[in-house]
Protein chains: 2
Amino acid sequence: MREGKTRYVILGLLSERPMSGYMVKKLVDARFRFFWSESYGQLYPELKALLREGLVEIDDDAALRPEEPVPTPSTAGRRDRIAYRIAPAGREALRRWLDRPAERESVRFEILLKMYFAGQGDRKALQASLREFEAHYATERATLDRYQEELERIPDERGDHRDVLRVIDFGQKSYDAYLAWCRGTFAEWEGR
Amino acid sequence: MREGKTRYVILGLLSERPMSGYMVKKLVDARFRFFWSESYGQLYPELKALLREGLVEIDDDAALRPEEPVPTPSTAGRRDRIAYRIAPAGREALRRWLDRPAERESVRFEILLKMYFAGQGDRKALQASLREFEAHYATERATLDRYQEELERIPDERGDHRDVLRVIDFGQKSYDAYLAWCRGTFAEWEGR
DNA sequence: GGCGGCATGTAAGTTGTTACATGATTAA
DNA sequence: TTAATCATGTAACAACTTACATGCCGCC
């Protein structure tokens, strides 16, 4: 039976600093975007479950001085804001998950499905999809570069920069491969 | 609202030749493995729905001479075998889907999550996962080469070889990127 | 006799998305 | 005043996985 990994995403981020569910979502979107995603519909119920199981705790301190745990986005205009902090049992659970072998990755590329069956449809539509695909990954590739530069500029306080840079490198390398494939495909189509 | 794509996988494969649900599954596993997956639990109910909606039909001919529509696997030892054929309405639906823009791809790499949080866990476990990752994609990469060679050897009867080769090229390029990343990561770890 | 592959299916459960509801604050 | 962003949450649904059940055939 597959285990949900949402909890480990939460636990992993909380292991760095206390934060709210909203902030977990923002961080997943910002940092993990190129290899992971979570929705509020998963995050908030999972946080509740984690609290019930004693893997996380409410951090009132962080809720009172919200400027500290939240670095990037502006802290203006907030509502209730519930800050969570990882509990010892949570650290334990995170460690146990990290020590288990990683499960097989899952990918789904609709555009490849469409390219495979391209003979049955209009080539114009596929071309437009591919251009959209290329533009998207070109933008994302640039975002990764900015992320890398930022990381190399700021001091490595937790000593995790090398690991994070390896993760970023994965994104850069695979996006480069996607973009090279786009160029190759357009070239092939033109010389048809 | 996201639409299920299982039906278009089925319709797309049936547009090439009539076949059974079992064969659809085998073909998805063999050809689409590196960018798509389907389970029997999706395939069989979807085939029923497609039949009910008149997008596919039962092909008794193909069921009676099963050697023809099924090229690769041996046809020995079968049970009932229900062969399906695409109906005109099915071709229409397939075409309409192909003409719509492709949705954003989804990927999920647990190993990158673990690498991001590596500082909290045992490095040995991550190393083992990465070795497993590398071995897996090295094997898959070789499979893609064999697939490509096979395709280039046989005559291009439906005129779709170029599209299929583009799809294979995507797999080759991204797997090369994964493997280069593995080598880079191991190198970084050794010189630590 | 048992295993593996052929072949079809279902039930139960899990996971994940989307749309919605609420409401405060700030900037244009 | 309107949109955006902050912030939390739920309900309904859709998608997907897994385990199981059934049974034939051929091979070792």
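Quantities reported herein were computed from a predicted structural model and do not represent experimental measurements.
Comparing C:dT8, D:dT10, D:dC6 by their closest approach to the side chain of A:K26 singles out D:dC6. In this structure, the nucleotide among C:dG9, D:dT8, D:dT17 sitting nearest to the side chain of B:S37 is D:dT17. Side-chain proximity of A:T6 to the nucleotides C:dG16, D:dT17, D:dC16 is greatest for C:dG16. When distances are taken from the side chain of B:Y44 to each of D:dT17, C:dT8, D:dG9, the shortest belongs to C:dT8. Of the candidate nucleotides C:dA7, C:dT17, D:dA7, D:dA7 has the atom lying nearest to any side-chain atom of A:S20. Comparing D:dT17, D:dT10, C:dG9 by their nearest atom to the side chain of B:I82 picks out C:dG9. Nearest nucleotide to the side chain of B:Q42, out of C:dT17, D:dT17, C:dT8: D:dT17.
As a whole-Å value, the separation of A:L43 CG from C:dT17 C1' is 13 Å. In this structure, A:E46 atom CD and D:dT8 atom P are separated by 16 Å, rounded to whole Å. At whole-Å resolution of the value, CD in A:E103 and P in D:dT17 are 12 Å apart. In this entry the distance linking CG of A:L51 with P of D:dG9 reads 10 Å, nearest Å. Atom pair B:L50:CG and C:dG9:C1' shows a separation of 16 Å (rounding to whole Å applied). If you take CG of B:D29 and P of D:dT17, they are 11 Å apart, rounded to a whole angstrom. At whole-Å resolution of the value, CD in A:E38 and P in D:dG9 are 16 Å apart. Rounded to whole Å, atom P of D:dA7 lies 18 Å from atom NZ of A:K48.
A:G41 comes within 4.0 angstrom of a base, heavy atoms only.
For the side chain to side chain contact (heavy atoms under 4.5 Å, CB included) test, residues two or more places apart in sequence or in another chain that qualify with B:E149 are B:D145.
Heavy atoms of other residues, nucleotides or ligands lying less than 6.0 angstrom from CD of B:E157 number 12 at most.
For A:Y22, a side-chain nitrogen or oxygen approaches OP1 or OP2 of D:dC6 to under 4.0 Å. The phosphate of C:dG9 has neither OP1 nor OP2 within less than 4.0 Å of any side-chain N or O from B:Y40. Remark: A:S39 is not in phosphate contact with C:dG16, judged by side-chain N or O atoms under 4.0 Å from OP1 or OP2.
A cation-pi arrangement is found for B:K25 relative to B:Y40, the charged atom lying closer than 6.0 Å to the ring centre and inside a 45° cone about the ring normal.
When only modelled atom types and interatomic distance are considered, B:R31 and A:Y116 share a side-chain donor-acceptor pair under 3.5 Å. Between the side chains of A:E46 and A:Q42, no donor-acceptor pair of N or O atoms lies under 3.5 Å.
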Verdict with supporting geometry, B:F109 and A:F34, ring pair (Phe, Tyr, Trp, His ring centres under 6.0 Å): CA-CA 9 Å; B:F109 285 82; A:F34 63 97; 9.2 Å; no
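Listed for the A:R108 side chain is no donor-acceptor partner under 3.5 Å among the backbone atoms of B:W36.
The overall bend of the helix from C:dG1-D:dC28 to C:dA28-D:dT1, read as the angle between its terminal helix axes built from five base pairs each, is 30° when rounded to 10 degrees.
Contacts classified as salt bridge (Lys or Arg N to Asp or Glu O under 4.0 Å) and involving residues 109-118 of chain B (residues at least two apart or in different chains) are given here: B:E110-B:K114.
Heavy-atom distances to DNA chain C give each of B:R108 and B:L47 a nearest nucleotide, and the one nearer the 5′ end belongs to B:L47.
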